[in-house]
Amino acid sequence: MQEYMCNRGYQTLINVAVLSGIGDGLYNIVFVIYAGSLSFSTLAVSLASMATLVPSLLSMLTGYFADQSRHKVRAILVTRNLQFVLFLILAFLITLPRNIWLFFLLLSINIVSDTLGTYGNGLALPLLRHLLPENKLKQSMGFMVAMTLMA
């Protein structure tokens, strides 16, 4: 916790990860509620619930790509900005008349956004080695994981 208060880079990484997690979680809740309001609600809610698993299933792949990324800070910025744009598109699309094609488009955008969030979190972990002293690394990584799980 002391490292969080004193190290601005570490603090920024945690804040970004927590905000991303909160955004993903809130959107997933809204999306399930939206799916429940459709005429084919049983199928829609089932698909919306299952879609939240896809980024977790792809986490090994996104972690690999995160490790292979050369410019991690730039990739984090691009990833988070893409998520922001996707959320804006979703906010617009969700107001359109409901139909099955719109639902599948929203579902696809949701999966992409959550997968980008997983990729962005994977990009942040190697940066901790540059921001923290070796003796604080394990404790600080544990704190970061705990904060993102709480979000």
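Tyr27 is not listed as a side-chain neighbour of Ser113, based on a closest heavy-atom distance of 4.5 Å or more. Counting heavy atoms from C-beta outward, Leu43 and Leu38 have side chains that stay 4.5 Å or more apart. Here the side chains of Val54 and Asp114 are not in contact, with every heavy-atom distance at 4.5 Å or above.
The structure places CG of Asn110 at 12.0 Å from CG of Leu47, a figure rounded to the nearest 0.5 Å. In this structure, the separation between CG on Leu131 and CD on Gln11 is 11.5 Å, given to the nearest 0.5 Å. Rounded to the nearest 0.5 angstrom, Ile111 CD1 and Leu106 CG are separated by 11.5 Å.
Residues Val18 and Leu13 share a hydrophobic cluster, clusters being chains of Ile/Leu/Val/Met/Phe/Trp/Tyr side chains in contact below 4.5 Å. Under the 4.5 Å side-chain heavy-atom criterion for ILVMFWY residues, no single connected hydrophobic cluster contains both Val32 and Phe87. Under a hydrophobic-cluster definition in which Ile, Leu, Val, Met, Phe, Trp and Tyr are linked whenever side-chain heavy atoms come within less than 4.5 Å, directly or via other members, Val16 and Val85 are assigned to different clusters. Note: the hydrophobic cluster containing Leu96 also contains Leu107 (ILVMFWY, side chain heavy atoms under 4.5 Å, direct or indirect links). In terms of hydrophobic clustering, with Ile, Leu, Val, Met, Phe, Trp and Tyr side chains grouped at heavy-atom distances under 4.5 Å, Leu93 and Ile100 are assigned to a common cluster.
When the side chain to side chain contact (heavy atoms under 4.5 Å, CB included) test is applied to Thr118, the partners found at least two apart in sequence or on another chain are Pro55, Ser59, Thr62. Asp67 pairs by the side-chain hydrogen bond (donor to acceptor under 3.5 Å, both in side chains) definition with nothing, not counting sequence neighbours. Val30 pairs by the side chain to side chain contact (heavy atoms under 4.5 Å, CB included) definition with Ile94, not counting sequence neighbours. For Val78, the side chain to side chain contact (heavy atoms under 4.5 Å, CB included) partners at least two apart in sequence or on another chain are Arg74, Leu82. For the side-chain hydrogen bond (donor to acceptor under 3.5 Å, both in side chains) test, no residue two or more places apart in sequence or in another chain qualifies with Asn7. Partners of Ile29 by side chain to side chain contact (heavy atoms under 4.5 Å, CB included), not counting sequence neighbours, listed by chain and number: Ile33.
Within the structure, side-chain hydrogen bond (donor to acceptor under 3.5 Å, both in side chains) contacts touching residues 35-57 (residues at least two apart or in different chains) are Ser37-Arg98. Applying the ring pair (Phe, Tyr, Trp, His ring centres under 6.0 Å) test to every pair with at least one member in residues 90-116, sequence neighbours left out, gives these pairs: Phe31-Phe103, Phe40-Phe103.
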Side chain to side chain contact (heavy atoms under 4.5 Å, CB included) evaluation trace for Thr115 with Leu61 = CA-CA 10 Å; Thr115 303; Leu61 190 62; over 6 Å; no

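Around atom CD of Glu134, no more than 12 heavy atoms belonging to other residues, nucleotides or ligands sit under 6.0 Å away.
Think of Phe84 as one node in a network of Ile, Leu, Val, Met, Phe, Trp and Tyr side chains linked at under 4.5 Å; its network also takes in Leu88. Grouping Ile, Leu, Val, Met, Phe, Trp and Tyr by side-chain contacts under 4.5 Å, direct or through others, leaves Met50 on its own.
Looking only at distances, a side-chain donor or acceptor of Asn81 sits under 3.5 Å from a matching main-chain atom of Leu77.
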Identify every side-chain donor-acceptor pair in residues 119-127 under 3.5 Å, counting partners at least two apart or on other chains, and give the distances.
unit_1, atom_1, unit_2, atom_2, d
Tyr119, OH, Ser69, OG, 2.6
Asn121, OD1, Arg80, NH2, 2.9
Asn121, ND2, Gly117, O, 3.4

